[in-house]
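Chain A is the first sequence line, chain B the second, and so forth, proteins listed ahead of strands; every chain is numbered from 1. The figures that follow rest on heavy atoms only: side chains count, while hydrogens, waters and symmetry mates do not.
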2 protein chains.
Amino acid sequence: MYVNKIPQALDYGVSVTMKVIGGKWKPCIIDCIANGINRPADIRKAIKHASLRVINHQLTELLAYEVVSKQTYQGYPLRVEYKLTTFGKTLLSVIEAMQKWGDAHAEKVAEIAMKRNENIGAAPSRP
Amino acid sequence: MYVNKIPQALDYGVSVTMKVIGGKWKPCIIDCIANGINRPADIRKAIKHASLRVINHQLTELLAYEVVSKQTYQGYPLRVEYKLTTFGKTLLSVIEAMQKWGDAHAEKVAEIAMKRNENIGAAPSRP
DNA sequence: AATCATATGGACAAATTAATCCTTATCCTA
DNA sequence: TAGGATAAGGATTAATTTGTCCATATGATT
């Protein structure tokens with residue numbers, strides 16, 4: 001596993017939160033799971049711009065931080081389900097706050113990004 | 001300016017929010033300014049682990065996204081003040097939500113990070 | 001003139017994160 | 001047996017973000 005060289009910031013609340021949900025696809029994946037999209041392959045379909053490898057990687061970290069739990073089922077086809085833990089559910093209001101702010105100001109932000117000549121395009125999408 | 005190669009995600013609220021406050025020091029800088037620490041050199045002192053160069057860089061982006069405004073004063077020593085714009089103030093509740101969640105769960109997250117052998121240490125600090 | 005405090009930003013290097021490619025494994029179905 | 005669907009993750013490269021070093025500029029102070 002990659003080990004940081006620069007010590008990380010965990011005594012400032014925002015940094016703690018970022019540590020847990022700060023990955024590019026993590027809030028998106030949490031959204032999916034909260035909405036009953038539980039299997040990796042289904043999450044993959046819901047988030048069309050992330051590969052299965054990337055989703056798995058993020059799921060592994062969310063699992064490590066106990067945001068989600070994992071249940072493996074017998075049978076065919078191979079079946080795994082991720083669920084939000086009680087702890088994970090406490091994140092929903094934070095994500096919701098971010099989501100609301102972003103939705104409310106998306107146009108303005110996009111406009112500025114455009115002017116700055118940034119590469120705006122396809123994006124993570126809600127389930 | 002660096003131009004992204006991979007198109008960015010601005011049609012998902014969380015991504016929009018991350019675009020604006022997603023930098024390592026941005027929430028911290030916004031906190032500072034909200035608390036009356038307005039000059040680059042003072043922000044520098046408040047956030048001991050970021051260099052002036054880094055703070056300036058982040059301030060430039062916050063300025064571009066109209067989160068802060070900039071006022072230059074005549075006289076000596078050279079004096080510049082950044083203030084939150086009305087728009088910038090709308091971010092405070094989001095940052096506060098992240099801050100609260102992080103504060104509430106800092107111990108658990110730190111513990112997991114430790115177990116994962118991550119490099120935990122000095123951090124951005126609140127003003 | 002030399003020096004200090006403040007602010008800004010170019011050029012580059014280092015660190016971190018995300019993405020790609022590929023392999024393994026299970027169990028059903030044809 | 002071969003092949004498809006699902007899941008997991010190693011190894012590597014690409015992209016992005018942070019950080020460092022240094023140069024410039026202003027106006028006072030010594």
Side-chain angles (χ1 to χ4, degrees), chain A residues 1-9 15 18-29 37-45 47-64 68 70-82 113 118-119 121-124, chain B residues 1-9 15 18-26 28-29 37-45 47-64 68 70-82 113 116 118-119 121-124:
Chain A
M1 186 206 298
Y2 179 80
V3 176
N4 298 275
K5 296 186 182 168
I6 294 179
Q8 285 181 85
S15 305
M18 290 300 252
K19 175 98 192 136
V20 178
I21 62 169
K24 179 165 175 182
W25 306 98
K26 278 179 191 153
C28 217
I29 290 173
I37 301 175
N38 304 96
R39 303 177 65 189
D42 290 339
I43 295 172
R44 168 66 228 282
K45 281 170 206 152
I47 307 177
K48 28 185 187 324
H49 297 97
S51 72
L52 197 47
R53 177 70 183 89
V54 166
I55 288 168
N56 260 312
H57 189 254
Q58 308 290 301
L59 279 171
T60 301
E61 292 192 347
L62 290 172
L63 192 59
V68 300
K70 174 182 174 181
Q71 172 90 53
T72 305
Y73 295 92
Q74 305 293 94
Y76 173 80
L78 203 48
R79 180 186 172 84
V80 170
E81 280 186 5
Y82 291 89
E118 300 186 25
N119 181 5
Chain B
M1 184 206 300
Y2 179 79
V3 175
N4 298 276
K5 296 185 182 168
I6 295 179
Q8 284 182 85
S15 305
M18 290 300 250
K19 175 96 191 141
V20 178
I21 62 169
K24 179 165 173 183
W25 306 99
K26 278 179 192 153
C28 219
I29 291 173
I37 301 175
N38 303 98
R39 302 178 64 188
D42 290 340
I43 295 172
R44 169 66 228 284
K45 281 168 206 155
I47 307 177
K48 28 184 187 324
H49 297 97
S51 71
L52 198 48
R53 176 71 182 91
V54 166
I55 288 168
N56 260 312
H57 189 255
Q58 308 289 299
L59 279 172
T60 301
E61 292 191 347
L62 291 172
L63 192 59
V68 299
K70 175 182 174 181
Q71 172 91 52
T72 305
Y73 295 92
Q74 303 294 92
Y76 172 80
L78 204 50
R79 181 186 172 84
V80 170
E81 281 187 7
Y82 291 88
R116 285 163 57 88
E118 300 185 26
N119 181 5

Without decimals, in angstroms, what is the distance between [X] [atom1] and [N] [atom2]?
| X | N | atom1 | atom2 | value |
| --- | --- | --- | --- | --- |
| A:Leu63 | D:dA8 | CG | C1' | 12 Å |
| B:Lys5 | C:dT20 | NZ | C1' | 15 Å |
| A:Lys26 | C:dT16 | NZ | P | 15 Å |
| A:Leu52 | D:dA8 | CG | P | 8 Å |
| A:Lys48 | C:dA19 | NZ | P | 15 Å |
| B:Arg79 | C:dC4 | CZ | P | 23 Å |
| B:Gln58 | C:dA7 | CD | P | 17 Å |
| B:Leu59 | C:dT6 | CG | P | 16 Å |

What are the two closest non-hydrogen atoms of [X] and [Y], and how far apart are they?
| X | Y | result |
| --- | --- | --- |
| B:Leu78 | B:Arg39 | O-NH2, 3.1 Å |
| A:Ile43 | A:Ile29 | CG2-CG1, 4.2 Å |
| B:Ala9 | B:Ser15 | O-CB, 2.9 Å |
| B:Ala113 | A:Lys19 | CB-CE, 4.3 Å |
| B:Pro40 | B:Leu59 | CG-CD1, 4.4 Å |
| B:Lys24 | B:Gln58 | N-OE1, 4.4 Å |

Decide yes or no for A:Asp42 and A:Asn38: does some side-chain heavy atom of the first lie under 4.5 Å from some side-chain heavy atom of the second? no

I want to check one thing: is the phosphate of [N], taken as OP1 and OP2, less than 4.0 Å away from some side-chain N or O of [X]?
| X | N | value |
| --- | --- | --- |
| B:Tyr82 | C:dT8 | yes |
| A:Trp25 | C:dA19 | yes |
| B:Asn4 | D:dT16 | yes |
| A:Arg39 | D:dT6 | no |
| A:Lys24 | C:dA19 | yes |

Between B:Lys26 and B:Met18, does a side-chain contact (heavy atoms from CB on, under 4.5 Å) hold up when you go through it step by step? CA-CA 10 Å; B:Lys26 278 179 192 153; B:Met18 290 300 250; over 6 Å; no

Out of C:dT6, D:dA15, D:dA7, which has the shortest distance to the side chain of B:Tyr2? D:dA15

Using five base pairs at each end, measure the axis-to-axis angle across the helix from C:dA1-D:dT30 to C:dA30-D:dT1 and round it to 10 degrees. 30°

Measure from the side-chain N and O atoms of B:Arg44 to the backbone N and O of B:Ala50, and report whether any donor-acceptor pair falls under 3.5 Å. yes

Can a donor-acceptor pair be found, under 3.5 Å and without considering hydrogens, that links the side chain of A:Asn119 to the backbone of B:Lys5? yes

Looking at every strand, decide which applies to [X] at a 4.0 Å heavy-atom threshold: base, sugar-phosphate, or nothing.
| X | value |
| --- | --- |
| B:Lys70 | sugar-phosphate |
| A:Tyr73 | nothing |
| A:Arg53 | base |

Please tell me which of B:Ile6 and B:Asn56 maps to the more 5' nucleotide of DNA chain C, matching each residue to the nucleotide holding its nearest heavy atom. B:Asn56

Could you encode protein contacts along nucleotides 23-30 of chain D as a string, one character per nucleotide from 5' to 3', using B for base contact, S for sugar-phosphate-only contact and - for no contact, with a heavy-atom cut-off of under 4.0 Å? ----BS--

